[in-house]
Protein chains: 2
Amino acid sequence: MVAAERIARDLRGRGLRLTRQRRVILEALQNTKAHPDAYTLFRDVKRVLPRVSLATVYRTLSVLTKMGFVREVESSGPFARFDGRLDPHGHITCSACGRIADVELPDISEIPARAMVDGPFKVTGCRVELTGLCASCAGRSKRKNGARRQA
Amino acid sequence: MVAAERIARDLRGRGLRLTRQRRVILEALQNTKAHPDAYTLFRDVKRVLPRVSLATVYRTLSVLTKMGFVREVESSGPFARFDGRLDPHGHITCSACGRIADVELPDISEIPARAMVDGPFKVTGCRVELTGLCASCAGRSKRKNGARRQA
DNA sequence: GTATGTGCAAACCCTTTGCAAAGTG
DNA sequence: CACTTTGCAAAGGGTTTGCACATAC
């Protein structure tokens, strides 16, 4: 989580601006653990900025991701999903409902050192993604859909 | 890698057939380490079956994935990419050109046990995805595009 | 005041699907 | 011979983009 002032400064450093839309979208993402997709975020942000457009949400997510203030996480479904948390951690995705939860991995930073890469690569990042069943989906019998729009 | 006869038997067990197209597509995927996307596979398969359609490649990948003879791997770009290798291993994706290589991780099966999941999840799978730069991209200065169609 | 950002709507493009013909067991 | 599969082309659907207006600094 990065403070608004630093964000504004970093953006300005690249000739970009911290607009109201960008601030609200970033805060919405930082204040949830649900790893929402763009449309879900759009609906949330609309409660604060009723005239915001989905295109702005997409463009803002693109800017914030490129700046490194936000990360895209793997999703089992067709929508890209985002995370406002930046410190090293993993995720688990429910294969029935698409829910994504955080996973703490104490030795995640040691994984690259133990990895034997097939080819000459310079490693720059590491992500660990578990799959599983959340409590509610484990309860009911297995469902059809792998990733409904819900965050 | 699963032998053709077992595949045929398993498919038949579900009322499905191992057609020439399916066999060729599966073999193409099993014989490459490039983790191709559907279109790349389509072009490769076309050399053997010139009249094959892209829709068949997509449908076949869907069937083979559901049957567990093939896996979809994360891709940094907009195309889904596939892997014919089934034993536990990781991947590294070049963030410049999208190339994907295998990564051997001796203790990958122990990761779920060490993971502290935020919520009641039943863990069923684990994937480790590194990002980095392949040799050719590390050489030239950093490029724009994150995932051209090349496998 | 000027360059960046936004809203709207249309375009994009990977993937899926409907349908008639072909193929499998 | 019944039922699955294929090829073709069109539709789907998440995301991106062009453009005129609004806004940040």
Side-chain angles (χ1 to χ4, degrees), chain A residues 4-5 7-26 36-43 45-46 48-67 72 75-82 98 144-151, chain B residues 4-5 7-26 36-43 45-46 48-67 72 75-82 98 144-151:
Chain A
E5 275 128 62
I7 309 250
R9 186 162 16 92
D10 285 8
L11 283 168
R12 257 187 315 244
R14 301 207 200 179
L16 303 177
R17 297 164 184 173
L18 182 55
T19 58
R20 190 153 149 67
Q21 286 92 331
R22 287 181 180 167
R23 196 166 349 121
V24 173
I25 291 167
L26 176 60
D37 57 61
Y39 188 78
T40 303
L41 215 38
F42 166 63
R43 285 190 327 231
V45 167
K46 241 171 132 90
V48 182
L49 305 171
R51 293 188 51 71
V52 76
S53 79
L54 183 53
T56 295
V57 174
Y58 274 107
R59 278 186 287 228
T60 297
L61 287 170
S62 171
V63 168
L64 294 177
T65 301
K66 275 180 200 135
M67 298 288 297
E72 193 175 333
S75 99
S76 55
F79 332 105
R81 295 181 61 167
F82 296 86
K144 205 65 94 23
N145 203 335
R148 50 192 72 254
R149 176 101 71 181
Q150 192 260 103
Chain B
E5 276 128 60
I7 308 251
R9 185 160 19 92
D10 285 8
L11 283 169
R12 258 188 314 242
R14 301 207 201 180
L16 303 176
R17 295 163 184 174
L18 182 55
T19 59
R20 189 155 151 65
Q21 287 90 332
R22 286 182 180 167
R23 198 170 347 147
V24 173
I25 291 166
L26 177 60
D37 57 63
Y39 188 78
T40 303
L41 215 38
F42 167 64
R43 285 191 328 231
V45 168
K46 240 170 133 89
V48 182
L49 305 171
R51 292 188 51 71
V52 77
S53 78
L54 183 53
T56 295
V57 174
Y58 274 107
R59 278 186 286 229
T60 297
L61 288 169
S62 171
V63 168
L64 295 176
T65 302
K66 274 180 200 136
M67 298 287 298
E72 193 175 332
S75 98
S76 55
F79 333 104
R81 296 181 62 168
F82 296 86
K144 203 68 86 33
N145 204 334
R148 50 190 73 253
R149 177 100 71 180
Q150 191 259 104

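Computed from heavy atoms alone, side chains included, the values below leave out hydrogens, waters and symmetry copies.
Set against C:dC14, D:dT6, D:dT15, the side chain of B:Arg22 has D:dT6 as its closest nucleotide. When each of C:dA9, D:dG14, D:dG7 is scored by its nearest atom to the side-chain atoms of A:Ala55, the top-ranked nucleotide is C:dA9.
The phosphate of C:dG7 has OP1 or OP2 within less than 4.0 Å of a side-chain N or O from A:Thr56. In this structure, A:Thr19 reaches the C:dT6 phosphate: one of its side-chain N or O atoms is under 4.0 Å from OP1 or OP2.
Separating the CG atom of B:Leu18 from the P atom of C:dT24 is a distance of 10 Å, rounded to the nearest angstrom. The distance from atom CG of A:Asp37 to atom P of D:dT16 is 13 Å, rounded to the nearest whole Å. What separates NZ of A:Lys46 from C1' of C:dG7 is a distance of 11 Å, to the nearest Å. Nucleotide D:dC8 holds its C1' atom 14 Å from the CD atom of B:Gln21, rounded to whole Å. Rounded to whole angstrom, the span from the CG atom of B:Leu11 across to the P atom of D:dC3 amounts to 19 Å. Distance, B:Arg51 CZ to D:dA9 P: 10 Å, rounded to whole Å. Taking atom CG of residue A:Leu16 and atom C1' of nucleotide C:dT6, one finds them 14 Å apart after rounding to whole Å. Going from atom CD of A:Glu72 over to atom C1' of D:dG14 covers 12 Å, rounded to whole Å.
Under 3.5 Å, the side chain of B:Arg17 and the base of D:dT5 form no donor-acceptor pair of N or O atoms. Under 3.5 Å, the side chain of A:Arg59 and the base of D:dG18 form at least one donor-acceptor pair of N or O atoms.
Across all non-hydrogen atoms, the minimal contact from A:Pro36 to A:Leu41 is CG-CD1, 3.8 Å. Taking both residues in full, the closest heavy atoms of A:Arg23 and A:Leu18 are given as N-CD1, 3.8 Å, listed atom of the first, atom of the second, then distance.
At a threshold of 4.0 angstrom between heavy atoms, the contacts of B:Arg20 with the nucleic acid are absent. Within the nucleic acid shown, B:Arg12 has no heavy atom closer than 4.0 Å to any nucleic acid atom.
Side-chain contact between A:Leu11 and A:Val63 is present, with at least one heavy-atom pair separated by less than 4.5 Å.
Distance OG1/B:Thr40 to CZ/B:Arg81: 7.0 Å, rounded to 0.5 Å.
Using a distance-only test at 3.5 Å, with no hydrogens or angles considered, a donor-acceptor pair links the side chain of A:Thr65 to the main chain of A:Leu61.
Mapping B:Val57 and A:Ala80 onto DNA chain D by nearest heavy atom places B:Val57 closer to the 5' end of the strand.
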